[in-house]
Protein chains: 2
Amino acid sequence: MTMAADLTDRQRRILARLVSEYIEQGEPVSSSWLAEHSGLGLSSATVRNILARLEEQGLVRQPHTSAGRTPTDAGYRLYVDWLLNARRRLKSADGLETRLRRSGTVTDLLENVSHELAMASQQIAFAMTPASQTVRLRHITFVSLDSRRVLVTVVATGNQVTHKVIDTPEEYEMAALEQAAQYINAEFAGLTLHEAREAIVARMHEERMIYDVLLTRALQLAQTGLDEVTPEETLHVQGASFLFEGALGSSVDREHVTLETLRALFKLLEEKHRLVELLTSYIEADGLTVVIGSEHTSPDMHPFSLVASSFNDGQRTGTVGVIGPTRMRYQRAITVVDGVSQAVARVLEGN
Amino acid sequence: MTMAADLTDRQRRILARLVSEYIEQGEPVSSSWLAEHSGLGLSSATVRNILARLEEQGLVRQPHTSAGRTPTDAGYRLYVDWLLNARRRLKSADGLETRLRRSGTVTDLLENVSHELAMASQQIAFAMTPASQTVRLRHITFVSLDSRRVLVTVVATGNQVTHKVIDTPEEYEMAALEQAAQYINAEFAGLTLHEAREAIVARMHEERMIYDVLLTRALQLAQTGLDEVTPEETLHVQGASFLFEGALGSSVDREHVTLETLRALFKLLEEKHRLVELLTSYIEADGLTVVIGSEHTSPDMHPFSLVASSFNDGQRTGTVGVIGPTRMRYQRAITVVDGVSQAVARVLEGN
DNA sequence: ATTAGCAGTCACCCCTAGCGAGTGCTAATC
DNA sequence: GATTAGCACTCGCTAGGGGTGACTGCTAAT
């Protein structure tokens, strides 16, 4: 395998035609088919020469000697990079946006987004808001549940609501809790969740000597309540059944999407923290990311590709995307993910 | 197929042996194997006669002429009914219970329960609390999100927390909202959610003439907030990857658990409301319910069996259970589901 | 009622042969 | 020098056939 970058224009067009045809049909593409449909007016023999060179570069492969060519992951990569340069806009963005605007909390929004994305792309889709340093505390409430338990509800910017039950060393009066909440809200609202926790801890040290029981309790409750904005709850996955389409499609599929690999993927999807790790490791910058087959770090993902886009409303960065077999309709996936991502960003800015 | 009820003791024992062996091995059971292992001291020929009669009754079936017998759904049914009469207790219930007690809200609890159940049974598991008429309002809070939106948080008995964003016709002051919440809490806490809504509507009619703006607004907010305790949020499913085990297990499985049927099931599981409908249609009384293969109303469920148990803590009725191929380890599933269900009930009573 | 024995069925495995799609290579052509 | 026609070759796929073994159902003897 030599350098893959230096391709003649003709080679590139043949490769692109091959990849798109293979994506549609799912069967190895022959030299004669390419000769007829490439629009280059070449004979199949010439195409064979070209294919032989593409194969040397590791861009295409033959399942067996007397078969046509299929793209390798590297071949998909070149094709996708080429697609990304000429990106299309999603048409139905308006309807989508108004539908998304109906969402209440961020959780609702992510739920809706993942659903829309799964339907539009006909693939498994996810939407994630990673625990962000820029989400700000808006309002906190305490409700006494029973003698030893207090419910803490935290509302953050972007209508993000989390609640959590805390075991306390002693019982609280309803009135005391309300007062405590008022105190916290007055003092710490507007800070990022992280800052707020820091500030509260600092305050606890400062005022340690004051022996104001109420104050101490309030700070303790608030600190514990802010301790954890679980990342698990901010990841939404939908459309798992679409994964079967790929496996069902080409009847006796020699694709590597088998029951075994499907199971591995499902297991990965179930352990949400693994998926979160995976996603956060990819997405550094804003914008579209495509990770193809063996480019994944996790072996379980090798039979699959991922198309994701991170959005940024200034306050919070999130990621939406789809997962499908490496033989995926990248054109459509990219268009849809990009469109949805931007719609989400606009919706969040609107708040 | 004649009446299935009147079986001699010998027939019953042969059937039970056949079913349990088939469940373990996944392969048709032959007359000679049964003759050796039934403990009845019969020859294979006699067993063949018995099997022929069981087949007449529709309890067993031959995949093809020269194969052993497999149970039909009716055969499983008899076997399961027989199991239910001699139920075992789950041993590890203590550890389970303390683990479950760590859950905060009911949502947490259901999440944990479905997880525990999936792991213990090695099958896909669910936990559900249907919208209940007996849940009582404990505490309500309003938080202003932006000019036209208010977050309503409802805490109900059993640490059930729901929140919802409401679009309002006009802006509210923070102070006004707090006052409104206090009013609602003072007046309506302790009623069931349904009663509370009724009472609030009644109050709105009564006091229509009073022109107390604050009061009216409070009532309106509360009413809208209580309107919907979404059933979707109260269903938790986990362990989907276990479904693959069955399909992978017997290599080239002639079981009806194919990719196609798996896909149908996944689709059903994704549309949670369909699953909720299904479950609520089965579970009327307390206690264990087993629904086997073709006994399901939905064709998508025909290749699968369901073992569920509803629990009742006096306030609320919920359901936990597992789903697996009709060739399921019913003994284990029943024990586990029963044990977990009772543990959940105890945990809920503890609150 | 039970059983031994026997004939019959049928999935499974393996082998073979033929087909056809598609290739690589070479020699002729523009 | 690039392109192409032609040809030999490879190899997956399918169909068919024979052998094997695991069962069964039936019948006649116990």
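Letters A, B, ... mirror the listed sequences (proteins, then strands); counts begin at 1.
- Applying the side chain to side chain contact (heavy atoms under 4.5 Å, CB included) test to A/Ser305 and every residue at least two apart in sequence or in another chain returns A/Ile292, A/Thr326, A/Met328, A/Tyr330.
- Under the ring pair (Phe, Tyr, Trp, His ring centres under 6.0 Å) criterion, A/His302 pairs with no residue at all, not counting sequence neighbours.
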Result block: side-chain N/O donor-acceptor pairs under 3.5 angstrom for residues 120-127 of chain A, not counting sequence neighbours:
| residue | atom | partner | partner atom | Å |
| --- | --- | --- | --- | --- |
| A/Ser121 | OG | A/Leu117 | O | 2.8 |
| A/Ser121 | OG | A/Gln123 | N | 3.2 |
| A/Gln122 | NE2 | A/Met119 | O | 3.1 |

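- One interatomic measurement links the two molecules: CG of A/Leu42 to P of D/dA5, which rounds to 11 Å at whole-angstrom precision.
- Rounded to an integer number of Å, the gap from B/Leu40 CG to C/dA1 P is 17 Å.
- Following rounding to the nearest Å, B/Ile14 (CD1) and C/dT2 (P) show an atom-to-atom distance of 11 Å.
- Of the side-chain N and O atoms in B/Arg53, none sit less than 4.0 angstrom from OP1 or OP2 of C/dA1.
- The ring pair (Phe, Tyr, Trp, His ring centres under 6.0 Å) check on A/His37 picks up A/Trp33, with sequence neighbours excluded.
- For the pair B/Asn49 and A/His64, both in contact range of DNA chain D, the more 5′-proximal nearest nucleotide belongs to A/His64.
- A salt bridge links B/Arg77 to B/Asp81: at least one charged side-chain nitrogen sits closer than 4.0 Å to a carboxylate oxygen.
- Closest to the side chain of B/Ala45, out of C/dT2, C/dA4, D/dT3, is C/dA4.
- Scanning for ring pair (Phe, Tyr, Trp, His ring centres under 6.0 Å) contacts around A/His296 gives A/Tyr282, with sequence neighbours left out.
- Rounding to whole angstrom units, CD1 of residue B/Ile50 and C1' of D/dC26 are separated by 17 Å.
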Sub-3.5 Å pairs of nitrogen or oxygen atoms, protein against nucleotides 22-24 of chain D:
| residue | atom | partner | partner atom | Å |
| --- | --- | --- | --- | --- |
| D/dC23 | O4' | B/Ser66 | O | 3.4 |
| D/dT24 | OP1 | B/Ser31 | N | 3.0 |
| D/dT24 | OP2 | B/Ser31 | N | 3.4 |
| D/dT24 | OP2 | B/Ser31 | OG | 2.3 |

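- Put simply, CD on A/Glu36 is 13 Å from P on C/dA21, counting in whole angstrom units.
- Using the Watson-Crick or G-U wobble rule with both distances under 3.5 Å, C/dA28 pairs with D/dT3.
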